[in-house]
Structure formats: structure tokens, C-alpha cells
Amino acid sequence: MALPNKVKTLLDNAQHLGDLKDCANYFYKWLSNEFSKQPVRNLINSRAEFIDRLLIKLFNDTGLARYPELALIAVGGYGRGELHPYSDIDFLLLVNDTPNAEMTSALEEFVTLLWDLNLEIGHSVRTHAQVLEQKQEDVHFTTCLLESRLICGNHVEFERLRSHIVETPIWKSDDFFIAKINEQQVRHRKCHGTAYNLEPNIKENPGGLRDVQTIFWVAKKHFHAETLEELINHGYLTHEEYQELLECLENLWNIRFALHLAAGRCENRLLFDYQPHAAEILGFGSEGKASVERMMKRLFRIMSRVREMNQMLLSYFEQSILPDQSEQIAVSLDDNFERIGNKISVKNPSVFFRREQLLVLFEHIADHPEITNIEPSTIRTMRQVRRRLLGDLQDYAGCRDAFLRLLKHPNGMGRAFTLMHKHGLIAAYLPQWRNIFGQMQFDLFHAYTVDEHTHKLINNIYLYTDKEQKKDFPLCSEIITRMDKPELLYLAAIFHDIAKGRGGDHSELGAVDALAFCKVHGFTNSDARLVSWLVENHLLMSVTAQRKDINDPDVIAEFASVVKNERQLDYLYCLTVADIRATNDNLWNDWKNTLLRELYLHSQHALRLGLENPMDMRDQIRDKKKQAKQRLINLEFNEENIDAIWSRLKANYFTAFSEQQISWHSEHLLKINDLNAPCVVVGEQAMHGGTQVFVYSPYNANLFSKLLTIIGSKKAQIQHAQVMTTKDNSVVYNFVILEVSGNPMSSSRAKSIRRGLEVILKDPKKKIRTKKNRSQRFKDFNIKPKVIVRPHARADRNLIEIQAIDIPGLLTKIAEVFQANSLHIHAARITTVGERAEDFFVISNTDYQALAEEHKAALQRDLMKKLNAETE
């Protein structure tokens with residue numbers, strides 16, 4: 001569709017900058033209004049046409065048309081005639097010689113006017129020789145020139161430049177191809193090698209627009225193709241594949257166009273901030289999360305198709321452009337398959353009429369580590385067969401047998417499973433997998449789609465068998481080495497999130513699916529029950545470690561009673577570690593590693609004692625004191641002085657802390673002369689996976705809030721807090737803190753935090769200035785605060801669970817309410833799950849008793865009022 005006549009008239013009649021701005025504003029409103037009415041291709045072509053007319057007008061108005069040797073050339077996406085609403089406008093001003101002062105002045109005026117119109121431009125002024133010199137050094141610049149288009153000016157110079165771009169020996173086809181392949185590999189690595197990041201870059205992600213453009217660039221350079229359609233005549237694309245590629249491209253354009261409108265600027269990352277608005281613009285609805293998930297599911301499925309076609313076509317191109325590298329001797333694998341170089345290929349496309357051969361192909365990949373990919377014609381055949389399947393592959397007995405062989409194969413869940421996932425064979429085998437394919441979760445906790453998260457989890461488990469992983473995950477590596485049936489762990493991984501998006505409890509629904517799968521595939525009842533149990537309880541260990549006091553024997557006894565035996569504990573531990581690591585690249589840290597390992601070891605000990613013989617708390621205290629005292633004596637502290645310090649502490653102190661923490665606390669208390677004065681220590685080396693902050697002070701009701709505020713003002717994340725009074729009415733605080741990155745504090749950061757705490761301990765009445773700023777990143781996450789007051793295992797305590805958006809200073813606000821309600825805080829467990837804070841506090845009233853019903857109601861009301869006020 002051509003530009004509307006009104007835009008042309010406004011542009012032609014514009015006399016000054018204000019007229020041009022009015023014209024541009026009218027055009028952008030028209031562009032936005034037309035998005036729902038006509039194909040996106042028309043609109044991106046219309047914007048390129050509008051910019052063409054604008055540049056020609058300014059070219060004439062600034063006097064540049066007086067210079068016949070000058071050529072104004074569109075390059076890059078603008079050169080293709082494709083401009084999204086706020087895309088950069090890249091152009092080259094080609095001159096015969098270095099511009100004189102008069103031309104330079106006109107060029108500067110031309111560019112300044114474009115800036116004044118708030119256009120994002122990328123421009124350069126070059127002579128023919130300078131262009132060729134830069135072209136020789138810069139493949140990106142060469143690529144931009146491949147898509148060049150004359151806007152106005154010297155036609156002869158432009159044609160001469162085009163002939164050099166395509167025909168010059170600089171950047172021959174083979175060099176250009178290798179450079180673009182390397183460029184794509186680097187780009188994919190930056191996106192973690194997956195198309196399924198939950199905030200994908202529409203251009204740069206695997207399966208994004210750049211993958212389509214790379215196909216076109218190579219075709220244009222090597223085959224001199226002007227359109228993708230020409231690849232049909234060259235034998236690289238079928239008509240169906242060409243139509244599919246166009247459909248995918250159109251969908252990617254639609255989403256990018258909507259993203260620009262939602263962001264109001266040039267933006268290629270589909271951030272959470274823009275997803276709800278973009279989904280609404282695209283017609284997916286205005287329900288927020290549900291609309292976003294529908295939009296993203298379509299996007300991820302499109303990207304998967306683009307990525308597969310990109311791989312197939314570039315492999316075909318490699319055979320033509322680099323024949324010497326591509327010609328490999330075929331090595332027969334069996335009657336149906338052969339290896340050509342590092343790729344597996346079918347000998348006869350009809351082999352897949354026997355459906356189990358689709359899985360046998362991946363068995364060969366597991367058998368032969370030198371096979372890293374699939375030959376392009378085999379990919380094409382697989383794609384065709386996959387689309388014509390009637391029913392699921394698991395319906396065929398031969399396929400079930402092949403799948404079980406792969407599941408039990410030592411290398412089956414490595415590269416073989418990755419390629420099955422990449423090429424849609426898992427979805428073709430397992431109907432439930434199709435439901436989670438491209439299924440996103442609109443939160444800041446999960447970084448990947450459900451299927452990609454599961455794929456990463458399986459890969460993490462597989463890596464436990466790698467010798468290199470033993471130093472990082474020694475316990476998991478040890479467990480999986482002695483595990484009798486690791487295939488059951490892989491099955492639990494496949495099914496752990498498979499019911500997400502259906503509604504209801506995904507763990508319970510997934511457990512039912514897993515049990516049914518095991519029965520169909522001939523697993524014994526005991527093995528089937530184990531897989532189902534793991535799926536149903538896959539969150540149990542993570543929740544227990546992060547939300548409960550794992551030093552409490554009652555907590556361990558309760559957890560062990562659910563786990564029941566060491567075999568299930570082994571499987572659950574390996575699954576949990578792999579699950580957390582696969583959720584978000586920034587989620588795993590030494591603190592979580594330590595929590596899970598200690599929970600595993602405590603539970604293992606409890607199970608070995610027997611559930612009917614739980615560890616006695618007095619025995620636990622005795623063991624800790626013995627080990628801690630020996631450490632202190634080794635540091636040449638007097639035993640009587642140690643006992644004097646410990647006589648001030650209650651029994652719950654010795655159950656709450658490890659012997660390492662007890663000796664560390666005691667060491668510093670023994671070094672001070674006056675125990676009535678405050679003592680603050682911030683560990684300069686990590687302990688139990690985090691930086692430990694220890695404060696011993698005379699009791700002050702306001703102090704907990706102040707300490708939280710100081711730590712928060714230093715941009716440290718509090719992972720855990722313990723608070724307990726001593727026999728002489730002093731108070732012990734112990735915090736575990738981390739950097740925002742999840743790492744323990746450096747020595748300099750630890751000293752800075754200690755100084756801040758010392759200041760407030762010397763003057764508890766000192767006011768602390770804090771910034772109140774809620775991140776705009778959370779504005780689309782509508783999480784309503786929740787406050788639940790529960791009974792505690794101790795009759796004189798209450799457990800409070802608080803869920804809210806993770807705003808800055810949240811803990812301080814909570815502590816202020818506790819203070820106003822005259823509460824004692826005995827312990828706190830701080831958990832941040834993406835944008836959501838889940839905090840647990842053990843509290844009592846001013847008389848160290850559990851709260852009365854009216855006090856519970858008042859506290860709940862006060863907390864809700866504060867949290868609602870802070871999150872509005």
C-alpha cells in the first residue's frame with residue numbers, strides 16, 4: 001500500500017522544521033492505526049518510502065543536489081526497504097573526493113535536520129576508495145552494502161559500487177560465508193544458545209530475524225539472488241518451505257512492529273515491561289498474563305521453525321560454497337544410516353516409513369560422540385515425516401522400545417536428547433510435551449520456556465556423569481555414579497513440569513502422567529511409583545531448604561518422614577539441584593548449594609538412625625559444643641572463658657547454628673572486654689555459602705529494623721536472618737547476605753557493611769536515609785500481598801508467612817510493623833522468587849508467648865495496610 005495522499009501533500013508543502021515534524025507525527029499516527037488493518041509488510045515498506053521522500057526533500061532543500069558526484073544510498077534494513085516504526089535509518093553518502101568546505105556545510109545541515117526530527121540515523125560519508133577499504137576489513141559493513149539501494153544522486157557511481165560489492169575478490173563467497181557463520185555462532189552464544197529466553201531479542205535470538213537475514217545475505221553474495229524465492233530455482237528450498245519461511249518472517253515482523261509501538265522507540269528485546277501492551281496490540285487480548293503467554297507461545301514456535309530452517313539451509317550452502325570441506329567419505333552405521341563427516345545421514349529417505357527409525361537415528365548419535373549434527377537432507381526428510389504423523393510416536397511398540405534404549409543409554413540424554421528436542425522429536429513422541437513447547441511463565445523467576453527449562457534440567461543431570469563436573473558438584477556426581485537406575489531420574493525430569501499451563505497443581509497432574517507413561521512402557525510398579533513420587537514432590541526439598549530451619553531436628557524429622565528412604569533422598573537431591581540450576585542462570589549460588597547439601601546430609605543421618613529414633617536435641621547440642629570448643633582451644637582461648645560466654649546463651653542458640661558459626665561468634669566475643677557493649681562482625685570469607693553478619697548487642701526493640709535498613713542501603717541481599725535473646729537480655733543477630741549477583745561479599749564490601757552497622761549500634765536513634773523507588777520492571781506483575789499467621793512447632797511462638805512484590809526496603813517496612821506491635825523476632829527466612837518476596841518470621845509477643853487471636857488479627861491487618869500502601 002502506498003503512502004496516504006495527505007502524508008505526501010504535507011511533506012511536499014513543508015516549508016520549515018515545524019511542518020516536517022507535523023508531517024512525521026501524522027505519519028506515525030497513521031502507521032499505528034493501520035497496523036490492525038493491513039499486512040505488516042505494507043507498513044514497513046511504507047515507512048521506508050516515507051523516509052525516502054523525506055531524505056530526497058532534505059537533500060534538495062539543503063543544496064546537496066547541486067553536487068552531481070554525490071550519491072545518497074540506503075544500506076542495511078533500510079536498503080531492503082524494510083523499516084519498522086522506530087528502526088534506525090542507515091545510509092551512506094558516497095562522494096568522489098573528500099568534500100570541500102561548502103559541501104561539508106551542506107552535509108552537516110542535512111544530518112542536523114534529521115537529528116532535529118528525532119530520527120535515529122546511522123550515516124557515513126565515504127569516497128569510493130574508503131568504502132572498499134572498510135569493506136575489506138569489516139564483514140558487517142560489507143553485509144550492509146549488499147543490501148544497498150540508491151535513494152537519489154549519482155546513479156553511475158552507485159552501480160560501480162554495487163558491482164564491486166558483489167564481484168570484487170575482497171570477501172569472496174567462501175570467506176563471507178565463514179564470517180557470517182562465525183558471526184551467527186557468536187550471536188547465538190550471547191543468547192545462551194536458545195531461542196527460548198523469556199525476554200527474547202526478536203532480531204538476535206536463535207530463530208530471530210537475523211537468522212532469516214543470514215540466509216538471504218549468503219544467498220545474495222554467492223548466488224546473486226535478489227529474493228529468497230530464487231532459492232527454489234537453485235534447489236535449496238521447496239515451495240512449501242519458502243511459504244513457511246515467509247509466514248515465519250511475517251509473524252516476526254508483526255511482533256517486532258508491535259514491540260516498537262509498545263516501547264515507543266527502537267527496541268528489539270521483548271522485555272516483560274512491553275509484553276502485555278504488545279500482546280494487546282497484536283490481538284491476543286488484554287488479560288495480562290494469559291494474553292502474554294499466548295503471544296509468547298506463538299513467538300517461540302516460530303523461532304523454533306526459523307532456527308531449524310536456518311540450520312538446514314546453511315548446511316546446504318556449505319556443501320556448495322565449501323565443497324572441499326563438505327566432501328567427506330561416508331561411513332556406514334547400519335543398513336539405513338551413515339556418517340558423513342560429523343553429520344548423520346539416511347541412506348534412503350523412505351527409511352522413516354518405519355517410525356522407530358526416527359529414534360534409531362538418535363541412538364546412533366548417542367553411540368558415536370563424533371556425530372554432532374544431522375545432514376540437511378535428513379533434516380528435511382524428518383520435518384516432512386514429523387508433519388505427516390498420525391498420532392504419537394509412543395503409540396508404536398517399536399518406538400517405545402527404541403525410546404527406552406535411548407533413555408538407558410549412557411549418552412542418550414546428552415547431545416542425542418538435545419537434538420531430539422531441537423528437531424521436535426520429543427514433542428512428536430510425547431503428547432504432553434507439545435503442550436509445554438514454547439510455554440512461557442510470565443515472571444522474573446523463570447528465564448526459559450517450560451520445555452527449554454526441562455531440557456536444561458536433563459542436560460544438568462547428564463553432566464553429573466562428566467568428570468569435569470565432579471569438582472563443582474561432587475555429591476551429585478557421587479550419587480549418580482552409584483544410582484542403580486538413572487533412567488528413572490531422567491524420566492522424573494521429563495515429567496516434573498509437564499503439566500504446567502493446564503490449571504491445577506502441576507506436580508500432582510504430572511505425577512499422574514508419569515505413572516501412566518511408566519505403565520505403558522513396561523516399568524515395574526516400584527519404579528513407576530518412584531518416578532511418580534519424584535514428580536509430585538520435586539519442589540519439596542527446595543521449599544524445605546529455603547523456607548525452613550534445617551538445623552531444627554523437627555524439620556529434618558518431618559522432611560525425612562516424607563522422603564522415607566535414602567534411595568528416594570538420592571534421586572530427589574539430584575533432581576532438585578539440577579532443577580534450580582536450570583530455572584535461571586542467576587539463581588544458583590553457593591548459599592543454595594550449602595542449604596541443599598546440609599539438608600541432604602542431615603536427612604541421610606536421620607534416615608540411618610531410623611525415623612523411630614530421631615536425633616535427641618541434647619545430643620546435637622553436646623556434639624556441636626564439643627567440636628566448636630576444640631576449634632577455640634586450638635586458637636588458644638581459655639576453656640573457662642569459653643564456658644563463661646556460653647553460659648549466657650540459651651539452648652536454642654546451639655541448635656540454630658553450626659559448630660563453625662558457634663566458634664566464629666565465640667572467637668569475636670572472647671576478644672572484647674565488655675559484653676555489655678555491642679559487637680559486630682562481618683565475615684570477609686564466605687561461610688556456608690554466604691557472607692555471615694554477626695551482631696551481639698544489648699536488647700533494643702528498634703535495632704532489627706535499623707540493621708535491615710543498613711544492610712539494604714548497601715545493596716546487599718539478605719538470604720537468612722536469625723534473632724535470639726540471651727539469658728542476660730542481650731540479643732544475637734546472624735544474617736546471611738549476598739551480592740545481587742548471588743556471590744558472597746568481597747573483603748572491601750564486608751568492611752563497608754561492618755562500618756555502617758557499627759555506626760547505628762553506637763547511636764541507635766540515628767536516622768537512616770533511604771531511597772524509596774520501586775523498580776519499573778515490576779509494574780506489570782500484579783502480586784497482591786498475602787499475610788498468614790500460623791502456629792509454630794513451639795507453643796510459645798507464631799510463624800508468619802508474608803508474600804509481596806519485592807520492593808526496595810520491604811524487610812524494613814515489615815520490621816517497622818513488628819516493632820509497632822511490640823513483637824520479638826526470633827528468626828527470619830528470606831526468599832526472593834523473581835519479582836516475588838516470600839518471607840517467613842518466627843515471632844512472639846512482648847511476654848515471649850504466642851499471639852492471642854485479636855493480636856494476630858491486628859498484626860495481619862497492619863501488615864496488609866503497610867504492604868498495600870507500599871506497592872500501590
Side-chain angles (χ1 to χ4, degrees), residues 1-66 71-91 93 106-107 109-123 147-153 155 249-268 274 277-278 280-283:
M1 178 176 179
L3 284 175
N5 289 330
K6 184 172 179 180
V7 173
K8 297 177 185 177
T9 302
L10 287 172
L11 193 56
D12 291 341
N13 295 335
Q15 298 296 315
H16 48 73
L17 185 63
D19 294 337
L20 291 173
K21 287 184 176 180
D22 290 342
C23 177
N25 289 337
Y26 178 84
F27 171 72
Y28 283 113
K29 286 179 182 177
W30 173 84
L31 203 63
S32 178
N33 291 334
E34 290 295 311
F35 182 51
S36 61
K37 302 174 185 176
Q38 58 176 298
V40 67
R41 178 183 291 276
N42 292 351
L43 299 179
I44 61 176
N45 293 156
S46 292
R47 186 178 180 233
E49 182 185 347
F50 173 75
I51 296 300
D52 282 355
R53 288 174 174 270
L54 176 63
L55 292 185
I56 291 169
K57 178 175 178 57
L58 295 180
F59 191 86
N60 291 323
D61 289 353
T62 55
L64 290 176
R66 297 196 307 266
L72 176 59
I73 302 168
V75 297
Y78 179 35
R80 291 193 302 273
E82 300 167 4
L83 281 181
H84 286 262
Y86 298 100
S87 291
D88 293 352
I89 301 158
D90 297 322
F91 59 85
L93 286 155
L107 289 169
E109 183 184 0
F110 176 76
V111 171
T112 300
L113 282 169
L114 293 173
W115 286 337
D116 289 342
L117 288 168
N118 297 318
L119 295 174
E120 294 292 333
I121 62 172
H123 71 287
E147 302 176 303
S148 56
R149 176 173 59 85
L150 182 67
I151 300 171
C152 61
H155 185 270
L249 185 59
E250 190 90 4
N251 275 285
L252 289 174
W253 278 345
N254 269 310
I255 293 172
R256 189 184 182 207
F257 199 100
L259 172 58
H260 278 211
L261 295 181
R265 61 184 177 84
C266 183
E267 176 60 74
N268 293 311
Y274 307 129
H277 190 191
E280 188 173 356
I281 291 170
L282 286 164

**Report entry** Parallel, tilted or perpendicular: rings of Phe110 and Phe59 (30°, 60°)
**Finding:** perpendicular
Query raised in the report: Just by modelled atom types, is the Tyr26 backbone N or O under 3.5 Å from a matching donor or acceptor in the Lys6 side chain?
Result: no
**Report entry** Distance-minimising heavy-atom pair for Glu267 and His260
**Finding:** O-CD2, 3.3 Å
Report summary line: Between Ala65 and Asn60 the two heavy atoms that sit nearest each other are CB-OD1, 3.2 Å
Requested in this report: Of all the heavy-atom pairs spanning Ala24 and Phe50, show the shortest one and how long it is.
Outcome: CA-CZ, 3.9 Å
Query - Straight-line distance of Asn5 CG to Leu10 CG, nearest 0.5 Å - result: 11.0 Å
Report summary line: So CZ of Phe257 and CD1 of Ile281: to nearest 0.5 Å the spacing works out to 9.5 Å
**Report entry** Pro85 vs Phe35 side-chain heavy atoms within contact, under 4.5 Å
**Finding:** no
**Report entry** Any residue meeting salt bridge (Lys or Arg N to Asp or Glu O under 4.0 Å) with Asp19, in chain and number order, not counting sequence neighbours
**Finding:** none
Report summary line: Output for pair (Leu249 CG, Arg256 CZ), nearest 0.5 Å, gives 11.0 Å
Report task. Search all heavy atoms of Ala262 against all heavy atoms of Ala278 and return the closest pair with its distance. Result -> CB-N, 3.9 Å
Query raised in the report: Would you say Ile151 and Tyr78 make side-chain contact, with heavy atoms under 4.5 Å?
Result: yes
Query - 4.5 Å side-chain heavy-atom contact, Leu3 and Leu11 - result: no
**Report entry** For the student: nearest non-hydrogen atoms of Leu20 and Ala14, plus distance
**Finding:** CD2-CB, 3.6 Å
Query - Any donor-acceptor pair under 3.5 Å from Arg47 side chain to Ser87 backbone - result: yes
Query raised in the report: Mind checking whether Lys57 and Leu54 have side chains closer than 4.5 Å, heavy atoms only?
Result: no
Query raised in the report: For atom CD of Glu109, is the number of surrounding heavy atoms from other residues, nucleotides or ligands below 6.0 Å larger than 12?
Result: yes
Report task. Indicate yes or no: at least one non-hydrogen side-chain atom of Phe91 is less than 4.5 angstrom from one of Leu114. Result -> yes
Query raised in the report: Leu83 versus Ile44: any side-chain heavy-atom pair under 4.5 Å?
Result: no
Query raised in the report: Is there side-chain contact between Glu120 and Tyr86, with heavy atoms separated by less than 4.5 Å?
Result: no
Query raised in the report: Shortest non-hydrogen contact from Asn254 to Leu282?
Result: O-CD2, 3.5 Å
Query raised in the report: Can you tell me how far the CG atom of Leu259 sits from the CG atom of Leu252, to the nearest 0.5 Å?
Result: 12.0 Å
Query raised in the report: Quick one: NE2 on His16 to CG on Asp22, what's the gap to the nearest 0.5 Å?
Result: 8.0 Å
Query raised in the report: Looking at residues at least two apart in the chain, or sitting in another chain, which of them share a salt bridge (Lys or Arg N to Asp or Glu O under 4.0 Å) with Asp52?
Result: Arg149
**Report entry** From NZ (Lys21) to CG (Asn118), nearest 0.5 Å
**Finding:** 6.0 Å
Query raised in the report: After noting the C-alpha distance and the side-chain angles of Leu93 and Leu72, does the key distance pass the side chain to side chain contact (heavy atoms under 4.5 Å, CB included) rule?
Result: CA-CA 5 Å; Leu93 286 155; Leu72 176 59; 3.6 Å; yes
